[in-house]
Amino acid sequence: MWWFLNTTKRLEQLFGVLRSQRNGNLNFDCLDLQDRLATCVGISQVLSRHPEWKAPSRRLTSSYDRKNTHSWKGDTSVLQVHEALCWQRGREEAIAVLRNADIFLNAELDINLIKMNEPGVDILRP
């Protein structure tokens, strides 16, 4: 009755493949499940003929897992994060990269000048 509570790694991998099909549509009904399983059979046949194509994801084999917080190292508390300061530093780094690229004039990258000359312009309304 509760077969999904007694799963194996292989079944979980299959379910992950099923959910990743169809442009990220995670949900499916019984008919769609049938179609997706047929696609998985085809994928399995191709990979059995070409095992070199089945390389593990670099993201999944990394030492840091976004869901497993026990693998994190260092200070992971958000209490010390100053969001406005992070935003400002990111903006300064982006402007420095743009200046070094010599694509824009310095006046085009002056945020205060842009705010003064174009009122109403902000990050949500460029």
Side-chain angles (χ1 to χ4, degrees):
M1 181 171 172
W2 302 100
W3 61 270
F4 54 86
L5 293 176
N6 188 19
T7 62
T8 62
K9 183 177 181 179
R10 192 165 181 122
L11 184 60
E12 287 185 25
Q13 287 173 340
L14 171 65
F15 191 67
V17 171
L18 291 173
R19 291 189 65 179
S20 66
Q21 294 176 9
R22 308 291 193 271
N23 297 325
N25 183 2
L26 302 179
N27 301 316
F28 46 87
D29 57 13
C30 291
L31 182 60
D32 202 21
L33 174 64
Q34 179 183 351
D35 292 340
R36 291 181 189 211
L37 284 171
T39 302
C40 283
V41 169
I43 291 171
S44 295
Q45 289 173 347
V46 169
L47 291 177
S48 68
R49 288 192 296 268
H50 301 280
E52 68 276 6
W53 292 356
K54 190 177 180 179
S57 170
R58 290 184 306 231
R59 182 180 223 174
L60 295 177
T61 58
S62 68
S63 60
Y64 297 104
D65 183 355
R66 64 182 176 86
K67 293 181 181 176
N68 178 10
T69 57
H70 297 293
S71 67
W72 298 356
K73 295 182 177 25
D75 184 10
T76 58
S77 172
V78 295
L79 294 174
Q80 303 301 323
V81 175
H82 191 284
E83 194 173 341
L85 185 60
C86 293
W87 179 264
Q88 180 182 354
R89 287 179 183 165
R91 184 181 70 186
E92 290 169 358
E93 289 178 22
I95 290 172
V97 168
L98 292 172
R99 278 201 177 107
N100 291 337
D102 290 329
I103 298 173
F104 299 98
L105 300 172
N106 283 334
E108 292 176 302
L109 297 174
D110 186 351
I111 300 297
N112 294 325
L113 184 63
I114 293 171
K115 286 181 182 178
M116 189 173 62
N117 291 335
E118 300 178 42
V121 171
D122 60 22
I123 190 67
L124 300 176
R125 293 173 295 180

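These figures come from a predicted structure and were not determined experimentally.
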Would you compute the distance between atom [atom1] of [X] and atom [atom2] of [Y] and round it to the nearest 0.5 angstrom?
X    : Y    : atom1 : atom2 : result
L47  : E52  : CG    : CD    : 9.5 Å
N117 : N112 : CG    : CG    : 11.0 Å
R49  : S44  : CZ    : OG    : 11.0 Å
R99  : L109 : CZ    : CG    : 5.5 Å
I114 : I111 : CD1   : CD1   : 4.5 Å

Problem - Atom of R36, atom of N27 and distance for their closest heavy-atom approach - result: NH2-O, 3.6 Å
Single-linkage hydrophobic cluster [X]~[Y], side-chain heavy atoms < 4.5 angstrom:
X    : Y    : value
I95  : V97  : no
I103 : L113 : no
L18  : I43  : no
F28  : V17  : no

Exercise for the section: Taking atom CZ of R89 as the centre, report whether more than 12 heavy atoms of other residues, nucleotides or ligands fall under 6.0 Å from it. Expected result: no
Problem - Over 12 foreign heavy atoms within 6.0 Å of NE2, H50 - result: yes
